[in-house]
Protein chains: 2
Amino acid sequence: MSGKIYQAKHLVKYYECDTTKKMTLPMLVNIMVHTSGEQSHLLGVSDEVVNERGLSWIILQYEMKFNRMPEFAEEITITTQAISYNKLFCYREFKVYGADGKECATAMTTFALIDTEKRKMSRIPDDLVEPYEAPFDKKLVRTPKPEKVGEDASSTEYRVRFLDIDRNQHVNNSKYFEWAIDALEYDFLIQYEFDAVNIKFEKEVHYGNMISSEFSRTELEDGKVLTAHRIRTDETVNCELSVVWRKR
Amino acid sequence: MSGKIYQAKHLVKYYECDTTKKMTLPMLVNIMVHTSGEQSHLLGVSDEVVNERGLSWIILQYEMKFNRMPEFAEEITITTQAISYNKLFCYREFKVYGADGKECATAMTTFALIDTEKRKMSRIPDDLVEPYEAPFDKKLVRTPKPEKVGEDASSTEYRVRFLDIDRNQHVNNSKYFEWAIDALEYDFLIQYEFDAVNIKFEKEVHYGNMISSEFSRTELEDGKVLTAHRIRTDETVNCELSVVWRKR
């Protein structure tokens with residue numbers, strides 16, 4: 001038994017696509033999070049309601065699998081569903097369907113609440129999650145960690161920009177994906193596509209920070225490639241992610 | 001007499017807003033261009049049709065005026081209309097209306113066609129613009145130039161990223177706005193809002209280019225501020241823009 005399913009449609013626009021004419025991962029993630037925001041709003045537990053309680057949702061992890069990326073001008077359908085929650089975490093699933101009705105991508109995500117004053121995780125109040133109708137299950141879900149960056153990592157520097165910060169006054173989650181992807185070579189990015197992505201957020205970056213986007217690469221079976229990424233500010237690890245790529 | 005008006009609605013999403021909870025200029029520009037793309041598609045002269053002729057639309061200039069920026073979760077209406085064309089240029093107007101029905105912003109834009117092989121401007125074939133029903137007027141429109149950057153310019157460096165390139169295989173127009181805006185200080189950006197923007201594109205930047213975003217600042221009457229910007233790669237000026245700001 002899981003929670004209510006909410007569903008929305010989205011037309012993929014030219015500026016949401018990269019040079020391969022496919023939707024970018026940052027934009028897909030933005031649309032997914034927007035869709036869950038719409039569900040929350042309709043259920044009377046919008047971000048504003050949560051913020052008034054001195055709390056704010058953060059996303060700790062995305063585990064994503066891809067059949068294919070949506071294309072320019074395609075009308076996709078995004079579904080979202082709260083799966084379960086415990087004292088500290090909510091688990092939420094997203095599915096993205098193409099215009100052909102087939103599954104393009106899925107994401108399992110881990111949400112948590114932080115106390116906006118103390119910047120610490122907060123116990124989840126029942127009344128903020130009951131509207132989603134997902135069951136309480138006190139057992140924590142063990143989610144797989146992203147692969148670790150190897151010794152031979154390359155590094156590229158990025159500065160956190162004004163427009164990286166969204167209306168939640170945080171650096172938008174999707175920017176971490178952008179820093180990771182951009183560190184890879186152009187030729188690689190047009191030859192390979194996402195098979196799976198696992199991203200875990202450790203510590204927020206802030207406006208003006210210089211971040212290092214490091215990665216290492218491993219060849220897998222079947223011509224697949226694994227890239228392991230780490231986003232760092234000085235000695236602090238802000239985010240780790242790993243991507244399995246397959247030939248386009 | 002001008003051309004057919006096309007109109008579309010758009011819901012402003014959280015990731016389209018900056019930390020002030022207002023829509024960002026790059027996102028507003030993206031939505032405007034998307035809207036004119038929809039009109040072209042409906043009139044049978046989509047980008048694909050133009051591309052098959054070995055041609056591609058480029059935007060040379062935007063002159064924009066702002067009453068206010070759209071807000072998070074606001075449903076805005078965008079109208080677009082071809083105003084007139086001559087041998088080399090098409091003039092197109094955009095208007096953005098808020099949920100209250102009042103005008104938020106207007107933009108007058110200059111489009112041109114380039115031969116995608118030769119990368120040179122091409123004479124506009126009548127059959128590609130007739131569907132818009134705008135009149136031919138052989139006289140070139142004299143558009144005001146952006147203000148020039150002063151001697152005391154500050155400069156910030158940006159590298160052109162993989163995701164800056166959109167499905168048209170060009171650096172997305174909106175990125176030039178981002179480089180210009182980001183060079184300004186955080187405190188300035190949260191205290192001032194757009195009154196008017198004039199941007200003129202001179203020469204494309206490309207993937208991997210290091211660009212300098214320069215600006216100088218002048219105090220105007222009524223507490224308004226003028227910032228003049230120049231986007232450069234080495235000695236080449238790629239884009240000039242000027243912004244009049246007013247206190248929020």
Side-chain angles (χ1 to χ4, degrees), chain A residues 8 10-27 29-35 37-38 41 46-48 71-73 156-175 177-179 181-186 188-190 206-208, chain B residues 8 10-27 29-35 37-38 41 46-48 71-73 156-175 177-179 181-186 188-190 206-208:
Chain A
H10 178 77
L11 179 73
V12 180
K13 299 173 188 72
Y14 81 99
Y15 60 84
E16 297 169 351
C17 295
D18 64 21
T19 187
T20 70
K21 299 180 169 51
K22 306 270 185 169
M23 195 174 195
T24 71
L25 181 58
M27 271 298 173
V29 168
N30 280 333
I31 283 294
M32 282 171 19
V33 176
H34 164 71
T35 305
E38 277 197 332
H41 180 73
S46 68
D47 284 348
E48 284 68 25
E71 286 174 19
F72 168 65
T156 310
E157 305 284 303
Y158 297 87
R159 195 183 53 254
V160 181
R161 301 178 183 175
F162 183 75
L163 292 178
D164 294 342
I165 306 166
D166 66 26
R167 68 118 203 163
N168 298 320
Q169 266 117 66
H170 295 282
V171 170
N172 183 305
N173 270 352
S174 75
K175 297 296 165 179
F177 292 97
E178 184 171 341
W179 296 324
I181 295 165
D182 188 66
L184 300 167
E185 278 177 25
Y186 186 92
F188 179 80
L189 291 169
I190 58 171
H206 298 283
Y207 173 73
Chain B
H10 177 77
L11 178 73
V12 180
K13 299 173 188 73
Y14 81 97
Y15 60 82
E16 296 170 354
C17 295
D18 64 21
T19 186
T20 71
K21 299 181 168 52
K22 306 270 184 168
M23 196 173 193
T24 71
L25 180 58
M27 270 298 172
V29 168
N30 279 332
I31 283 293
M32 284 171 18
V33 177
H34 164 71
T35 305
E38 276 196 333
H41 179 73
S46 67
D47 284 348
E48 284 68 27
E71 285 173 21
F72 168 65
T156 311
E157 306 282 303
Y158 298 87
R159 194 181 56 251
V160 181
R161 302 178 183 175
F162 182 76
L163 292 177
D164 293 341
I165 306 164
D166 66 26
R167 68 118 205 164
N168 299 321
Q169 265 120 66
H170 296 283
V171 170
N172 184 305
N173 270 350
S174 75
K175 297 295 165 180
F177 292 97
E178 184 170 340
W179 296 323
I181 295 164
D182 187 67
L184 299 167
E185 277 177 26
Y186 186 94
F188 179 80
L189 291 169
I190 58 171
H206 298 283
Y207 173 74

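Keep in mind the model is a prediction, meaning the values are calculated, not measured. Proteins come first, then strands; the chains are lettered A, B, ... in the order of their sequence lines, and each starts at number 1.
Here the side chain of D182(A) pairs a donor or acceptor atom with the backbone of F162(B) at under 3.5 angstrom.
For a residue to count as touching a neighbouring chain, one of its non-hydrogen atoms must lie under 4.5 Å from one of that chain's; by this rule N172(A) touches chain B with the side chain only. Heavy atoms closer than 4.5 Å to chain B are found nowhere in E71(A), neither backbone nor side chain. With a 4.5 Å cut-off on non-hydrogen atoms, Y186(A) touches chain B through its backbone and its side chain both. Of the atoms belonging to T35(A), not a single heavy atom falls under 4.5 Å from chain B. Of the two parts of Y14(A), the backbone and the side chain both hold a non-hydrogen atom closer than 4.5 Å to a non-hydrogen atom of chain B. Looking at L11(A), the atoms closer than 4.5 Å to chain B (heavy atoms on both sides) all sit in the side chain, from C-beta outward.
Looking only at heavy-atom pairs under 4.5 Å with chain A, the residue among E16(B), K21(B), H34(B) that has the most is H34(B). If you tally non-hydrogen atom pairs under 4.5 Å between each of T20(A), L163(A), D47(A) and chain B, the highest count goes to L163(A). Ranking I181(B), T24(B), V33(B) against chain A, the residue ahead of the rest is V33(B), based on heavy-atom pairs under 4.5 Å.
A heavy-atom distance below 4.5 Å is found between the side chains of I31(B) and Y15(A). Residues D18(B) and I165(A) form no side-chain contact, since every pair of their non-hydrogen atoms from C-beta on lies 4.5 Å or further apart. The closest side-chain heavy-atom distance from T156(B) to R161(A) is not below 4.5 Å.
The 12-atom threshold is not exceeded at CD of E185(A), counting heavy atoms of other residues, nucleotides or ligands nearer than 6.0 Å.
K13(A) contributes atom NZ, which lies 8.0 Å from atom CD of E38(B) (distance to the nearest 0.5 angstrom).
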